[in-house]
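Take a look at the structure set out below.
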2 protein chains.
Amino acid sequence: MDKKKILIVEDEADIRELLRYHLEREGFDVLEAGDGPGGLALARSERPALMLLDVMLPGMDGFDVLRGLAAEGGPVVPVLLLTARGEEVDRVVGLTLGADDYVVKPFSVRELMLRVKAVLRRQDRSLSGSVLRRGGVSLDAERHRAEVNGEPVALTATEFRLLEDLLRHSGAVRTREQLLNTVWGYSFEGYARTVDTHVRRLRAKLGAAADVIETVRGVGYRLKED
Amino acid sequence: MDKKKILIVEDEADIRELLRYHLEREGFDVLEAGDGPGGLALARSERPALMLLDVMLPGMDGFDVLRGLAAEGGPVVPVLLLTARGEEVDRVVGLTLGADDYVVKPFSVRELMLRVKAVLRRQDRSLSGSVLRRGGVSLDAERHRAEVNGEPVALTATEFRLLEDLLRHSGAVRTREQLLNTVWGYSFEGYARTVDTHVRRLRAKLGAAADVIETVRGVGYRLKED
DNA sequence: GAAGGCTTGTCACGGTATTGTCACATGTTC
DNA sequence: GAACATGTGACAATACCGTGACAAGCCTTC
């Protein structure tokens with residue numbers, strides 16, 4: 001799972017543009033639909049991680065879209081509603097129909113982004129427990145604690161994210177490129193072999209369990225399977 | 001155990017409807033009142049497990065209701081306050097007057113439900129009241145009071161909310177972003193390092209117990225585990 | 001409503017842990 | 001052994017956090 005997909009359903013092109021700009025800057029993949037039926041179709045085919053849904057749409061409005069989603073029964077698409085100010089009743093109906101949250105227009109971009117992340121975080125958390133294990137290594141993302149054979153190990157922020165990424169992809173090879181993108185962020189432009197150095201430091205701190213990180217020559221690194 | 005009763009005191013019928021819908025879906029018995037006196041009467045006669053109380057009510061407002069409850073002396077009814085955005089002062093007054101928690105409107109339904117359950121859980125667990133503890137630090141949300149090794153400590157509103165958030169997530173790392181979102185609110189647009197300053201002030205006031213707040217370099221802050 | 005104190009958000013500074021990069025050593029593949 | 005990939009040690013730049021200071025806002029008090 002790389003970039004998360006976010007679907008914007010909004011009839012005003014300006015606002016779509018604005019949202020796309022900011023969402024992409026945050027590292028999301030953006031899909032757009034200008035009306036209800038288009039939005040439903042994309043939600044169905046692309047299964048976005050989140051849908052930003054305008055209530056006021058010509059023809060099939062936001063509520064109809066929500067009903068359409070509910071009618072399908074399949075995996076739920078989280079929805080963040082965009083409502084115009086003062087549409088009190090609307091937000092009530094919307095939340096009743098299964099939206100996860102809503103933002104009132106005109107919204108501050110910053111606030112919207114925060115809510116987007118909040119909804120996604122909730123989603124993530126409900127999916128995966130926060131303690132990762134493999135071999136003698138365990139890592140608690142929420143508490144930001146790492147242990148080797150029960151002994152706590154002090155990792156720096158980068159080392160922690162690196163180990164977390166490897167653990168989340170246990171058994172799969174991670175190329176230096178992939179690691180740079182997820183651990184360092186999409187905007188990092190640097191020496192690919194920086195990864196090597198951090199792997200080294202991580203191995204040193206893991207001590208006895210250093211060999212859980214395998215080198216895959218010519219490709220990248222991988223966490224040893226059980 | 002039969003269903004728990006929850007009383008909604010709120011003048012807007014839409015919102016009552018919304019809350020009833022979701023609460024019943026979660027398996028609660030729902031009672032409604034459209035004004036303060038009605039709410040008080042129902043609280044008295046039905047002894048609900050929890051009361052969702054809007055602050056802005058015509059005539060007798062939420063605070064008056066809280067005072068009314070306090071005046072009775074009898075078994076306490078837990079209260080979750082619904083306040084409008086920006087009524088900062090209200091929160092403090094409300095918590096001082098004995099509310100257990102508050103939610104800022106416009107709220108996300110999911111968040112509200114989580115808080116409802118949190119308050120009920122707290123109630124179940126500790127008949128002794130909603131006191132959070134860790135190390136030598138104890139914090140009584142109901143009375144808005146904090147103690148270190150039995151000695152009362154005077155905290156400002158922000159310090160209190162900060163410590164409360166950390167205590168509620170004991171052991172988990174809270175990033176500056178998360179803290180800004182929950183302690184300061186989504187609409188706060190400001191310097192992330194404001195958090196640092198408040199942590200510093202909090203630590204200073206905690207004196208001997210200052211080290212219960214751990215710094216997790218590159219990530220955020222965390223409350224020390226036992 | 002003026003004065004003063006308290007609270008709060010920002011900022012700049014400085015020490016320090018962390019981080020990225022490089023040069024070179026070592027290892028692997030053919 | 002050549003060509004290439006990864007490991008290692010060292011080092012300078014950077015990021016990060018704690019701290020002191022300050023101004024604006026707010027509340028209380030007179």
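Source: prediction; values computed, not measured. Throughout, protein chains are lettered first and strands after them, A, B, ... in sequence-line order, and every chain is numbered starting at 1. The analysis underlying the following values was restricted to heavy atoms, covering all of them including side chains, and did not include hydrogens, waters or symmetry mates.
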Residues forming a side chain to side chain contact (heavy atoms under 4.5 Å, CB included) with B:E189, sequence neighbours excluded: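 Only A:S108, A:R110 meet the side chain to side chain contact (heavy atoms under 4.5 Å, CB included) criterion with B:E189.
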Checking contacts here: which listed nucleotide (D:dG9, D:dT19, C:dT19) is nearest the side-chain heavy atoms of A:T156?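 That would be C:dT19.
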Nearest to the B:A157 side chain among C:dT19, C:dT8, D:dC17, which nucleotide is it?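 Comparing C:dT19, C:dT8, D:dC17 against the side chain of B:A157, the answer is C:dT8.
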Assess the residue pair A:Y186 and A:E26 against the criterion (side-chain contact (heavy atoms from CB on, under 4.5 Å)); give the C-alpha distance rounded to whole Å, side-chain angles, the decisive distance to 0.1 Å, and a yes or no. CA-CA 9 Å; A:Y186 291 102; A:E26 295 283 343; over 6 Å; no
Heavy atoms under 4.0 Å, any strand shown: does B:T194 hit a base, just sugar-phosphate, or nothing?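 Counting heavy atoms under 4.0 Å across all strands, the contact made by B:T194 includes a base.
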Base, sugar-phosphate alone, or nothing: which one does A:E159 contact when heavy atoms must sit under 4.0 Å apart?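 Since no nucleic acid heavy atom lies under 4.0 Å of A:E159, the category is nothing.
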Does OP1 or OP2 of [N] have a side-chain N or O of [X] closer than 4.0 Å?
{"X": "A:W184", "N": "C:dT19", "answer": "no"}
{"X": "B:Y221", "N": "D:dG18", "answer": "yes"}
{"X": "A:T197", "N": "C:dT19", "answer": "no"}
{"X": "A:T215", "N": "D:dT6", "answer": "no"}

Judged by each residue's nearest nucleotide on DNA chain C, which is more toward the 5′ side, B:G190 or A:R161?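 Taking each residue's closest nucleotide, the earlier one in sequence belongs to B:G190.
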5' precedence on DNA chain C between A:L155 and B:R193 (nearest-nucleotide basis):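 By nearest-heavy-atom nucleotide position, the 5'-most residue is B:R193.
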Pairs under 3.5 Å (N/O, protein and nucleotides 27-30 of chain C):
unit_1 : atom_1 : unit_2 : atom_2 : d
C:dG27 : N2     : A:R217 : NH2    : 2.9
C:dT28 : O2     : A:R217 : NH2    : 3.4

Has the side chain of B:R201 got a donor or acceptor atom sitting under 3.5 Å from an opposite partner on the base of C:dG9?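 When only heavy-atom distances are counted, B:R201 does reach the base of C:dG9 through a donor-acceptor pair under 3.5 Å.
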Presence of donor-acceptor pair under 3.5 Å, side chain of A:R203 and base of D:dG7: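 By the distance-only test, no, there is no pair.
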Using the rule given for side-chain contact (heavy atoms from CB on, under 4.5 Å), can you reason through A:L139 versus A:E164, listing the C-alpha separation, both sets of side-chain angles and the distance that settles it, and then say yes or no? CA-CA 7 Å; A:L139 183 144; A:E164 186 179 355; 4.2 Å; yes
Are B:D54 and B:I15 close enough, and set up right, to give a side-chain contact (heavy atoms from CB on, under 4.5 Å), and what steps lead you there? CA-CA 10 Å; B:D54 189 21; B:I15 297 188; over 6 Å; no
Does any non-hydrogen side-chain atom of A:V137 lie less than 4.5 Å from one of A:N149?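 Answer no - side chains too far apart.
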Under 4.5 Å between any side-chain heavy atoms of A:H169 and A:R222, yes or no?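 Sidechains of A:R222 and A:H169: no contact.
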Rounded to whole angstroms, how far apart are CD1 on B:I213 and C1' on D:dG18?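 Rounded to whole Å, this separation is 14 Å.
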Is the closest basic N to carboxylate O distance between A:R16 and A:E32 below 4.0 Å?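 Yes, A:R16 and A:E32 are salt-bridged.
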